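Just so it is clear, the values below take in all heavy atoms, side chains as well, and ignore hydrogens, waters and symmetry mates. Computed from a predicted model, the values in this text were never measured in an experiment. To find a chain, count down the sequence lines: A is the first, B the second, and so on, and within it residues start at 1.
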Protein chains: 2
Amino acid sequence: MSEAQTLAEKVFSELATAIVRGELAPGEKLSEQALVTRYGGSRAPIREAIQKLEARNLVVRVPHAGARVVSLSLEELRDIYEVRLELESMACRLAAERMSDADISALEKLLEEHARSIEADQGLSYYQKSGNLDFHYRIIEGSKNSRLHQMLCGDLYHIIRMYRYRTSTSSERPLQALKEHQGIVEAIKSRDPQLAELLMRRHIQVSLTNLETRLAHEARH
Amino acid sequence: MSEAQTLAEKVFSELATAIVRGELAPGEKLSEQALVTRYGGSRAPIREAIQKLEARNLVVRVPHAGARVVSLSLEELRDIYEVRLELESMACRLAAERMSDADISALEKLLEEHARSIEADQGLSYYQKSGNLDFHYRIIEGSKNSRLHQMLCGDLYHIIRMYRYRTSTSSERPLQALKEHQGIVEAIKSRDPQLAELLMRRHIQVSLTNLETRLAHEARH
DNA sequence: TTATTTAGGATTGTCGACAATCTATGTCTG
DNA sequence: CAGACATAGATTGTCGACAATCCTAAATAA
C-alpha cells in the first residue's frame with residue numbers, strides 16, 4: 001500500500017488491515033505488551049500506531065484503560081452510511097462539474113472493462129467487488145475536493161469495509177450495479193450535476209435501506 | 001472545556017486553543033523540545049499531544065521533520081467550506097425530521113434571546129458570534145447523527161474558527177442572520193425537511209460565496 | 001449468600017537517554 | 001560565481017525502566 005518510513009507507521013498499517021479484514025474482532029482489546037511481543041520494537045511506536053488507529057476511528061481508547069477495536073452499534077453504522085450517502089452524492093455532483101474530459105473517457109474505459117469482466121465470469125464477478133470500489137473512488141477523486149476525498153477514503157471507507165460482511169449489498173447484483181454506474185457516467189458526460197447526484201444517491205441508497213431494515217429487524221429483539 | 005485526565009490531554013487542549021486563537025501562526029513549527037520547556041513534562045506526552053492535534057487536522061506532521069501548524073491554501077479552505085455547506089444542510093434536513101418538540105421549543109427560546117440581545121446592543125452584538133455558533137450547534141445535535149456531529153463539531157469547526165479572521169461574514173449582519181435563523185426554525189417546526197435544508201444551504205452559502213470571490217481575487221496576483 | 005473492601009497483579013502514562021535522520025553551514029570543485 | 005558535497009549540530013524516532021492508575025480476585029462483614 002504505502003511504504004512505511006517509520007516503525008510506528010508500519011505497525012499502524014498492519015494493524016489497520018488486520019482490523020478491516022476482521023482478524024481482530026470488534027471490541028477486542030489491544031494490549032500494548034502483546035503487540036510488542038507480536039510486532040517487535042518497543043512500546044513507544046506501538047502506542048503511536050494505536051493513536052493513529054484512534055485518529056481513523058478504528059479503535060477506541062479510554063485513558064488508563066487501553067484501546068479496543070471499535071465496535072459500532074447498528075445506529076452508529078446507520079449514521080455512517082447516512083453521511084456517506086450524502087458525501088458521495090455530493091462528490092458525484094462535483095465530479096460532473098469538474099472532471100476533465102480525459103478523466104471521463106478513462107472512466108468509460110473502466111466500465112467497459114467491468115462489462116467484459118462480468119460477461120467473462122457470468123456475474124460471479126469477484127472482480128466487481130474491488131471494481132465497485134474503484135469506480136466510486138474515481139468519482140470521489142473527480143470531485144477535486146481534497147477534504148471530501150480525505151473524509152470518504154480516509155475515514156469512512158475503512159469502517160464501511162470492516163462491517164461489509166454483515167451487509168451483503170453490491171456484490172450480489174453486479175450487472176444491475178454496472179448499469180447504474182453507466183447511467184452515472186452518462187450524466188457526468190453530459191455535464192448534468194443534478195442528475196449525476198440523483199443517480200448516485202439512488203445507487204447508494206439501497207445499501208442504506210438494506211441496513212435500516214436490518215436495524216429495524218434487530219431492534220425487535 | 002473538558003477536564004484532562006492525563007498530561008497529554010492537557011497539553012493537547014492548551015495547544016488546540018492556542019492554534020485556534022491564532023497565538024500559534026499557521027506554518028509555525030512545533031518543536032518538541034520547546035514545548036517541553038514551555039509546558040513541562042517530558043517528550044512522551046508532548047508527542048502524544050501533537051499526534052492528537054494531527055488527528056484533528058490542526059497540525060501537519062512529516063516523518064523525521066517535525067510538526068507544523070496547518071497552513072491551508074485558499075483552495076483547501078474552499079474545499080472545507082464546501083463540505084461544511086453540504087453537511088450542515090444535511091443536518092438541518094435531518095433535524096426537521098428528528099428533533100423532538102421539546103428541542104424545537106428550546107430552539108425558539110434561544111432565538112428569542114438572540115433577538116433581545118441584538119435589540120439591546122443595537123446590532124453591535126458581540127454575543128451574536130457565539131450565539132451563531134450555538135444555533136448551528138443545536139441544529140447539528142438535532143440531526144441525531146453522532147458521526148455527523150463528530151465531523152462537523154470535532155474536525156471542521158476548529159479549522160473554520162481558526163481562519164475566521166480572514167473571512168468576515170456572519171458577525172457583520174446579525175439581524176439578517178437572525179431572520180434567516182428564524183426562517184429555518186419555522187421550517188423545522190412545520191416538519192418540512194426539504195425547506196429547512198434549502199434555507200440552511202442559502203444561509204451558509206453566503207460564507208462560501210464570500211470566500212470564493214476572495215479566492216478569485218487572490219488568484220489574480 | 002451477597003455486597004463491600006482491600007491487597008495484588010497487570011496495564012497504561014511518563015521519564016530520561018540513545019540511535020537514526022534531517023537541516024544548515026561551510027568547503028571544495030567545476 | 002554557482003552548485004555539489006561533506007561535516008556538525010539539532011531534531012525526531014526508539015528504547016528500557018519507573019510511577020500512577022485500573023482491574024481482578026480473595027477476604028471480610030452484614
**Report entry** Boundaries of the DNA chain C segment in contact with chain A, non-hydrogen, under 4.0 Å
**Finding:** C:dT11 to C:dT14
Query raised in the report: When you match A:Ala8 and A:Pro63 each to their closest nucleotide on DNA chain D, which lands nearer the 5' end?
Result: A:Ala8
Requested in this report: Select from B:Gly41 and A:Ala65 the residue whose nearest nucleotide in DNA chain C is closer to the 5' end of that strand.
Outcome: A:Ala65
Report task. Go through the side-chain N and O atoms of B:Glu9 and B:Thr6 and say whether any donor and acceptor fall under 3.5 Å apart. Result ->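 The answer is no; no qualifying pair exists.
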Query raised in the report: Do A:Glu88 and A:His136 have side-chain atoms, one donor and one acceptor, less than 3.5 Å apart?
Result: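 Distance-only check passes for A:Glu88 and A:His136.
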Query raised in the report: Rounded to the nearest 0.5 Å, how far apart are CG of B:Leu208 and CG of B:Leu77?
Result: 9.5 Å
Query raised in the report: If you round to the nearest 0.5 Å, how far is CE of A:Met99 from CG of A:Leu94?
Result: 12.0 Å
Report summary line: Sorted by number, residues from residues 43-57 of chain B placing a heavy atom under 4.0 Å from DNA chain C are B:Arg43, B:Ala44, B:Pro45
Query raised in the report: Should the heavy atoms of other residues, nucleotides or ligands under 6.0 Å from NZ of A:Lys144 be counted, would the total exceed 12?
Result: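 Enclosed.
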Query raised in the report: Mind checking whether A:His181 and A:His203 have parallel, tilted or perpendicular rings, split at 30° and 60°?
Result: perpendicular
Just list the side-chain donor-acceptor pairs under 3.5 Å for residues 47-55 of chain A, sequence neighbours left out, or say none.
residue: A:Arg47; atom: NH1; partner: A:Glu32; partner atom: OE2; Å: 2.9
residue: A:Arg47; atom: NH2; partner: B:Glu48; partner atom: OE1; Å: 3.0
residue: A:Glu48; atom: OE1; partner: B:Arg47; partner atom: NH2; Å: 3.0
residue: A:Glu48; atom: OE2; partner: B:Arg61; partner atom: NH2; Å: 2.6
residue: A:Gln51; atom: NE2; partner: B:Glu48; partner atom: O; Å: 3.0

**Report entry** Main-chain N/O of A:Val60 paired with A:Arg68 side-chain donor or acceptor, under 3.5 Å
**Finding:**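 Here the side-chain-to-backbone pair does not exist.
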